Undergrad: 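Here's a structure for you.
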2 protein chains.
Amino acid sequence: MKVKSNDEMPGHLARRFQQIATAVFLSETTAAGYDLTPVQYAALSAIKLHPEIDQITLAGLIAYDRTTITGVVDRLVEKGLIIRTASSRDRRSRELTLTARGEEVLAGVTPAVEAAQQMMLRGLSQTEAAQLMRLLRKVIDDANDLSRAPYKPLPSR
Amino acid sequence: MKVKSNDEMPGHLARRFQQIATAVFLSETTAAGYDLTPVQYAALSAIKLHPEIDQITLAGLIAYDRTTITGVVDRLVEKGLIIRTASSRDRRSRELTLTARGEEVLAGVTPAVEAAQQMMLRGLSQTEAAQLMRLLRKVIDDANDLSRAPYKPLPSR
DNA sequence: CTAGATTGATCAGCATACTGAAGATCATTA
DNA sequence: TAATGATCTTCAGTATGCTGATCAATCTAG
């Protein structure tokens, strides 16, 4: 049987890239004095853009699984970065909003996050980096509904 | 503060692509009647190529963390796909080798794995797919030492 | 040859991710 | 309006991944 090299497997390359992206993110943000995971940062910035968002809508915006978001939100609440209150319109759902400290942390850590995005692409030229991101967006967009946690844009109200 | 869209974050794109790759892998291999994770498949095929490999070398070949490999190997042993024996040369290390059933499973599941690799790139043309993989290889190669579990080629003996 | 450094494996602890199920609540329709 | 279905959240269970520590075995320098 012919065995394919890992380098020929897009799935393997995906795992490696994500592994590196996470390591660089944590290294940069830790060096800047913050204690946030990539996932927590994405949630935080989505909540800033959409105050009083419920968990399901948040999960759709950043393509998280609905069961994963529960723990992420728990930890953000524990850290005092967001508050979770029962919705008055729909008592099933919880509304998420940044605290003042959440605003501070988000603003403070963002430069380190930007630096991380640069560093993880350091092997590529500007043109290549743009090309990679274009191709990733295309492939992700086309395969969006193949995972249990697809991206779902904000419902228009 | 200007907040960047997720689409402009390579780290976010990395997570999404990996999420999709895993989902497609599991969907295809499950449909083919197998119960293997992407990580278990990679380990299995590396062990086939390098019988009697020790765990640290295996981890380096597929860029796993050394502490993660323990559990993965545990589960492959439980499933009867590999055997783990104490090395006679170095009593600290364990030698891993496929069982007959491991060989069968690897051979049997491989078509589904190949199909998954095609499906996760279904939004791209042949040219674009090759381009994406080239750029991913380049970025990963250059940032290899930025994660705790870098790729380490087989030591020449 | 032996003290100190290194290495292979494992462990505890934490944080994603997913499957499938449950409970509470809401919406719709007969 | 009452029954039915859908939705929001959470939970138990499993599998990566990582940090930092420990233990046993090996290697190396003085």
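Only a predicted model underlies this, so the values are computations on that prediction, with no experimental measurement involved. Proteins get letters first, then strands, A, B, ... in listed order; numbering begins at 1 in each.
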Undergrad: What residues, two or more places apart in sequence or in another chain, satisfy side-chain hydrogen bond (donor to acceptor under 3.5 Å, both in side chains) together with B:Asn6?
TA: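 Testing B:Asn6 for side-chain hydrogen bond (donor to acceptor under 3.5 Å, both in side chains), a comparison that skips the adjacent residues, returns none.
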Undergrad: In chain order, what residues pass the side chain to side chain contact (heavy atoms under 4.5 Å, CB included) check against B:Thr30, with sequence neighbours excluded?
TA: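 Partners of B:Thr30 by the side chain to side chain contact (heavy atoms under 4.5 Å, CB included) criterion come out as none, since no residue qualifies.
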Undergrad: Holding to side chain to side chain contact (heavy atoms under 4.5 Å, CB included), I want the full list of residues that pass it with B:Arg66, two or more places apart in sequence or in another chain.
TA: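 If we apply the side chain to side chain contact (heavy atoms under 4.5 Å, CB included) test to B:Arg66, skipping adjacent residues, the hits are B:Ile56, B:Arg148.
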Undergrad: Using a heavy-atom cut-off of 4.0 Å across all strands, would you classify B:Ile56 as base, sugar-phosphate, or nothing?
TA: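 If one applies the 4.0 Å heavy-atom cut-off, B:Ile56 turns out to touch the sugar-phosphate alone, with no base involved.
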Undergrad: Answer yes or no: does a side-chain N or O of A:Arg91 lie under 4.0 Å from OP1 or OP2 of C:dC26?
TA: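 So the side chain of A:Arg91 is within the cut-off, an N or O lying under 4.0 Å from OP1 or OP2 of C:dC26.
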Undergrad: Mind checking what makes side chain to side chain contact (heavy atoms under 4.5 Å, CB included) contact with B:Thr68, not counting sequence neighbours?
TA: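 B:Thr68 satisfies side chain to side chain contact (heavy atoms under 4.5 Å, CB included) with B:Asp65, B:Val72 only.
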Undergrad: Can you build the contact string for nucleotides 11-17 of chain C? Use B for base contact, S for sugar-phosphate-only contact, and - for no protein heavy atom under 4.0 Å.
TA: B---SBB
Undergrad: Does A:Arg84 put a side-chain nitrogen or oxygen below 4.0 Å from OP1 or OP2 of D:dT10?
TA: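 So the side-chain polar atoms of A:Arg84 do come within 4.0 Å of the phosphate oxygens OP1 or OP2 of D:dT10, strictly under.
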Undergrad: What integer distance in Å separates B:Lys152:NZ from C:dG8:C1'?
TA: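 Interatomic distance, NZ of B:Lys152 to C1' of C:dG8: 12 Å.
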Undergrad: Nearest whole angstrom, please: distance from the P of D:dA15 to the CG of B:Asp35.
TA: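 It is 8 Å, rounded to the nearest whole Å.
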Undergrad: Atom CD1 of A:Ile53 to atom C1' of D:dT9: distance rounded to whole Å?
TA: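 Rounding to the nearest Å, CD1 of A:Ile53 and C1' of D:dT9 are 15 Å apart.
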Undergrad: Start with the C-alpha distance between B:Lys48 and B:Glu103, add both sets of side-chain angles, then the distance that settles salt bridge (charged side-chain N to carboxylate O under 4.0 Å, His left out), and finish with yes or no.
TA: CA-CA 8 Å; B:Lys48 178 185 174 59; B:Glu103 296 266 5; 2.9 Å; yes
Undergrad: Only counting residues at least two apart or in another chain, list the ones meeting side-chain hydrogen bond (donor to acceptor under 3.5 Å, both in side chains) with B:Gln117.
TA: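 Counting only residues at least two positions away or on another chain, B:Gln117 forms no side-chain hydrogen bond (donor to acceptor under 3.5 Å, both in side chains).
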Undergrad: Does B:Arg122 have any side-chain hydrogen bond (donor to acceptor under 3.5 Å, both in side chains) partners at least two apart in sequence or in another chain, and if so, which?
TA: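 side-chain hydrogen bond (donor to acceptor under 3.5 Å, both in side chains) list for B:Arg122, sorted by chain: A:Asp142, A:Asp145.
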Undergrad: So which protein nitrogen or oxygen atoms get under 3.5 Å of nucleotides 27-29 of chain D's nitrogens or oxygens?
TA:
none

Undergrad: Measure CG/B:Leu58 against P/C:dG8 and give the value in whole Å, please.
TA: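 Those two atoms, CG and P, are 13 Å apart.
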Undergrad: Can you sort out the partners of B:Asn144 under side-chain hydrogen bond (donor to acceptor under 3.5 Å, both in side chains), two or more places apart, ordered by chain and number?
TA: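 For B:Asn144, the residues satisfying side-chain hydrogen bond (donor to acceptor under 3.5 Å, both in side chains) (neighbours in sequence not counted) are A:Arg16.
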Undergrad: Just the rounded figure in Å: distance from C1' of D:dA6 to CZ of A:Arg66.
TA: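 One finds 13 Å between C1' of D:dA6 and CZ of A:Arg66, rounded.
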Undergrad: Report the distance from atom CG of A:Leu26 to atom P of D:dG20, rounded to the nearest whole Å.
TA: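 Answer to the nearest Å: 11 Å.
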Undergrad: Please report, rounded to the nearest Å, how far the C1' atom of C:dA24 is from the CZ atom of A:Arg94.
TA: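 Roughly 11 Å, once rounded to whole Å.
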Undergrad: Please report, rounded to the nearest Å, how far the P atom of D:dC18 is from the CD1 atom of A:Ile20.
TA: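 One finds 10 Å between P of D:dC18 and CD1 of A:Ile20, rounded.
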Undergrad: Charged N to carboxylate O below 4.0 Å: is that the case for A:Arg134 and B:Glu128?
TA: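 Yes, this pair counts.
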